[in-house]
Amino acid sequence: MKISYILLLLVMSLLPLLQMKYDIFTKMTLNGVTQRVEFPKLSYNSFISGEYQKKFEMWFNQNFGLREYYVKINNQIYYSLFNQTPPNSQVMIGKEKQLFEKAYINEYLNIIQPITPELLEKKVIELKKLQDLLQLRGKPFLLFITPSKAAIYPEYIPDQLKVLQKNKSRNYDTIIPLLNKYGVNYVDGHKITIAHKNSGKYPMFPQGGTHWNLLASYYSSKAVLDKLEQITQKKFISLESSSVTETIPTGFDRDLANLINVWNTPLEYKTVVPKLVDNRTGNEFIPNILMEGGSFSFQFVDILHQVNAFKQLDFYYYYHTSYQYKEGTEARILGDLNGVDWKDVMNHDVFIIEMNEQNIPKLLQKDGFFQDAINYLEPINLSFSKVNNEYVEITTINGMNGFIFKKGANGNSTLFIESDKIKLIPGTEYTLSYKASGFNSLKVDLYPDDLPQKFQNDISEYPKEFKFDFKSDSLNMRSASLRYFIDGLPGTTDKDTVVYDIKLEIKNK
């Protein structure tokens with residue numbers, strides 16, 4: 001008996017290693033996104049420091065044989081015996097087997113600190129600025145707030161978590177009055193979804209999903225088209241449904257059920273799908289739409305795509321991946337956004353930003369879509385607050401602001417002027433122009449040092465306009481400064497240099 005027990009333990013211990021070597025059992029994959037760990041390279045220094053051992057442990061924990069089988073067994077025990085998910089899981093089991101993402105619960109209960117009202121107000125003012133800038137081009141803008149499952153169904157949140165709720169206003173509660181105050185066009189998907197939850201017989205979120213179902217999305221999608229009609233005074237497609245069908249969950253309606261990675265995926269529930277009616281008259285305005293947002297956008301786009309409510313819709317998923325939808329064709333994934341063609345962006349008829357109520361902090365991102373859109377549309381105002389008073393005199397020439405860089409400056413290293421931070425867009429081409437005369441050599445660059453620079457060595461005593469086209473994918477473009485200086489020359493400058501009419505613009509805007 002003891003020998004059999006020892007042999008069993010030995011086999012169980014060796015089985016993962018045998019699986020790694022011989023693939024005895026069929027390989028399986030787990031649902032979810034995993035950051036793959038590369039096998040570490042062994043070196044003397046990495047071994048002595050312990051860095052190799054740490055990286056090997058991380059790699060082994062991700063790649064040992066039968067890992068996926070053991071994970072599923074472990075998860076199934078938690079789910080079936082304790083009605084829980086493992087402590088490191090991002091999914092939580094609520095009342096009546098409702099599944100939630102922890103992030104949405106933490107936001108709803110204010111376990112995550114909300115944004116201060118003052119900062120949120122600044123961001124709403126920026127949204128209004130974007131709306132106004134687009135309006136000058138005849139482009140309507142709409143902010144689309146989508147709902148959080150935790151906020152729509154708080155009654156299913158476990159009681160042991162509800163006691164942690166902080167008595168503060170959520171970001172959603174703060175932003176709605178601010179949007180009204182500043183006149184930002186928006187559709188409140190949270191309010192619409194709550195209303196239909198309370199008045200209808202169908203659920204708005206699936207039991208095993210984190211995203212709203214197509215029926216809930218339909219109600220808000222209808223409101224979006226109505227709002228766009230109001231803004232543009234044009235007739236959009238009228239979105240109508242003739243019936244609602246209960247069906248087995250697929251896709252987004254079972255994303256969390258898949259994500260808990262158990263052997264018996266809990267799918268003992270139905271989801272609901274509206275049957276849409278094609279009631280076009282041929283007189284509707286069919287726009288090209290540019291939309292930026294997160295995963296809740298897909299159901300909205302699906303609804304509009306079904307009724308051909310647009311000619312083309314370009315969707316920037318979290319502003320890092322581009323999807324394209326065209327009337328009557330399947331969606332195309334165009335790939336990573338490694339630079340946006342803003343001239344093409346501005347050819348769209350309608351601009352929509354989708355923002356889930358849980359993800360309102362996206363407004364704080366310095367590299368977000370709406371920030372880059374403002375930076376593209378708004379004229380670049382250059383202000384030079386750093387001036388070398390020893391060698392620089394501020395002047396006006398022919399009514400234009402300018403500077404005199406005095407002779408006698410150290411040619412090996414003298415910074416004349418540096419601008420305040422300017423918000424440029426990575427991957428976008430710009431043109432810097434200025435007029436200059438005097439000493440023949442001058443350098444102009446963007447700082448930090450990984451950004452473009454230009455060495456001008458043909459300045460003469462006669463005023464001449466110089467132009468410098470540049471583009472950089474560096475993220476430092478978002479907080480660059482413009483500098484005029486001289487370096488790399490022996491001795492000192494023997495003439496004054498006059499620089500004026502400095503302009504920075506997006507090329508061929």
Side-chain angles (χ1 to χ4, degrees), residues 90-92 94-95 98-132 141-199 203-205 210-212 216-217 219-220 223-224 227 292-297 300 318 352-366 368-371 374:
Q90 296 305 307
V91 182
M92 177 160 288
K95 296 176 182 179
Q98 291 284 344
L99 300 183
F100 292 91
E101 274 191 82
K102 286 183 179 178
Y104 290 84
I105 291 179
N106 290 342
E107 184 280 326
Y108 176 75
L109 298 178
N110 277 328
I111 295 172
I112 298 174
Q113 183 71 20
I115 304 170
T116 65
E118 295 77 16
L119 182 54
L120 201 50
E121 184 167 16
K122 289 181 181 179
K123 294 303 172 182
V124 170
I125 291 172
E126 290 179 6
L127 283 172
K128 181 58 163 63
K129 179 191 289 186
L130 173 59
Q131 178 176 299
D132 291 344
F141 167 79
L142 183 67
L143 177 67
F144 183 20
I145 300 174
T146 51
S148 151
K149 184 176 183 179
I152 302 299
Y153 290 102
E155 61 269 27
Y156 293 130
I157 297 175
D159 291 334
Q160 66 268 27
L161 288 181
K162 285 185 177 180
V163 299
L164 302 175
Q165 186 166 12
K166 302 290 191 301
N167 188 23
K168 299 177 182 177
S169 293
R170 296 174 57 228
N171 291 324
Y172 167 80
D173 300 321
T174 303
I175 200 172
I176 294 298
L178 291 171
L179 295 172
N180 292 326
K181 175 181 177 180
Y182 290 99
V184 176
N185 300 324
Y186 73 96
V187 166
D188 186 353
H190 169 98
K191 182 178 179 180
I192 295 168
T193 306
I194 281 285
H196 284 281
K197 170 201 170 186
N198 294 335
S199 63
M204 297 290 98
F205 280 77
T210 195
H211 297 90
W212 53 357
S217 179
Y219 291 132
S220 288
V224 166
K227 185 68 175 181
E292 187 273 338
S295 53
F296 277 75
S297 302
F300 166 76
Y318 287 114
I352 301 173
I353 290 180
E354 180 272 323
M355 179 175 68
N356 189 266
E357 61 179 305
Q358 179 267 342
N359 195 30
I360 291 174
K362 74 177 279 185
L363 295 176
L364 304 183
Q365 296 173 353
K366 294 181 180 180
F369 170 78
F370 92 95
Q371 291 283 3
I374 290 174

Looking only at non-hydrogen atoms, find the nearest pair between [X] and [Y] and report the distance.
X      : Y      : result
Pro177 : Thr174 : CD-O, 3.3 Å
Ser220 : Val187 : O-CG1, 4.3 Å
Pro154 : Ala151 : CD-O, 3.5 Å
Ile112 : Ala103 : CD1-O, 4.3 Å

Quick one: does [X]'s side chain get under 4.5 Å of [Y]'s, heavy atoms only?
X      : Y      : result
Val124 : Lys128 : no
Gln358 : Glu101 : no
Thr210 : Phe100 : no
Thr193 : Tyr219 : no
Lys166 : Leu109 : no
Asn185 : Gln131 : yes

Checklist entry - Relative to the ring of Phe205, is the ring of Tyr153 parallel (under 30°), tilted (30 to 60°) or perpendicular (over 60°)? => result perpendicular

Rounded distance (nearest 0.5 Å) linking atom [atom1] of [X] with atom [atom2] of [Y]:
X      : Y      : atom1 : atom2 : value
Leu178 : Asn171 : CG    : CG    : 10.5 Å
Met355 : Asn359 : CE    : CG    : 8.0 Å
Leu363 : Ile115 : CG    : CD1   : 6.5 Å
Phe296 : His211 : CZ    : NE2   : 5.0 Å
Leu164 : Ile157 : CG    : CD1   : 11.0 Å
Lys191 : Ile145 : NZ    : CD1   : 11.5 Å

Item to check | Salt-bridge criterion met for Glu155 and Lys95 (N-O under 4.0 Å) | outcome: no

Checklist entry - Are Lys362 and Glu292 ion-paired here, with the side-chain N under 4.0 Å from a carboxylate O? => result yes

How about [X] and [Y]: does a side-chain donor come under 3.5 Å of a side-chain acceptor?
X      : Y      : result
Gln98  : Lys149 : yes
Ser148 : His190 : no
Tyr186 : Asn180 : yes

Checklist entry - Quick one: ring-ring contact (aromatic ring centres under 6.0 Å, His included) partners of Phe300, sequence neighbours excluded? => result Phe144

Item to check | Sequence neighbours excluded - side chain to side chain donor-acceptor pair (under 3.5 Å) pairs with any residue from residues 109-122 | outcome: Gln113-Lys168, Glu121-Lys181, Glu121-Tyr182

Checklist entry - Would Lys102 and Val91 satisfy side-chain contact (heavy atoms from CB on, under 4.5 Å), going step by step from the backbone distance to the final call? => result CA-CA 6 Å; Lys102 286 183 179 178; Val91 182; over 6 Å; no

Does [Y] offer a backbone N or O that forms a donor-acceptor pair with the side chain of [X] under 3.5 Å?
X      : Y      : result
Ser297 : Gly294 : yes
Asn198 : Ile194 : yes
Asn356 : Pro147 : yes
Lys197 : Ile152 : yes

Checklist entry - Testing Gln365, Glu126, Lys366 for side chain to side chain donor-acceptor pair (under 3.5 Å) with Gln371, which one passes? => result Glu126

Next on the checklist: For a side-chain contact (heavy atoms from CB on, under 4.5 Å) check, start with the C-alpha distance between Phe141 and Asp132, then their side-chain angles and the critical distance, and finish with the verdict.
Outcome noted: CA-CA 9 Å; Phe141 167 79; Asp132 291 344; over 6 Å; no

Next on the checklist: Counting neighbours of NZ on Lys129 that are heavy atoms of other residues, nucleotides or ligands and sit closer than 6.0 Å, is the number greater than 12?
Outcome noted: no

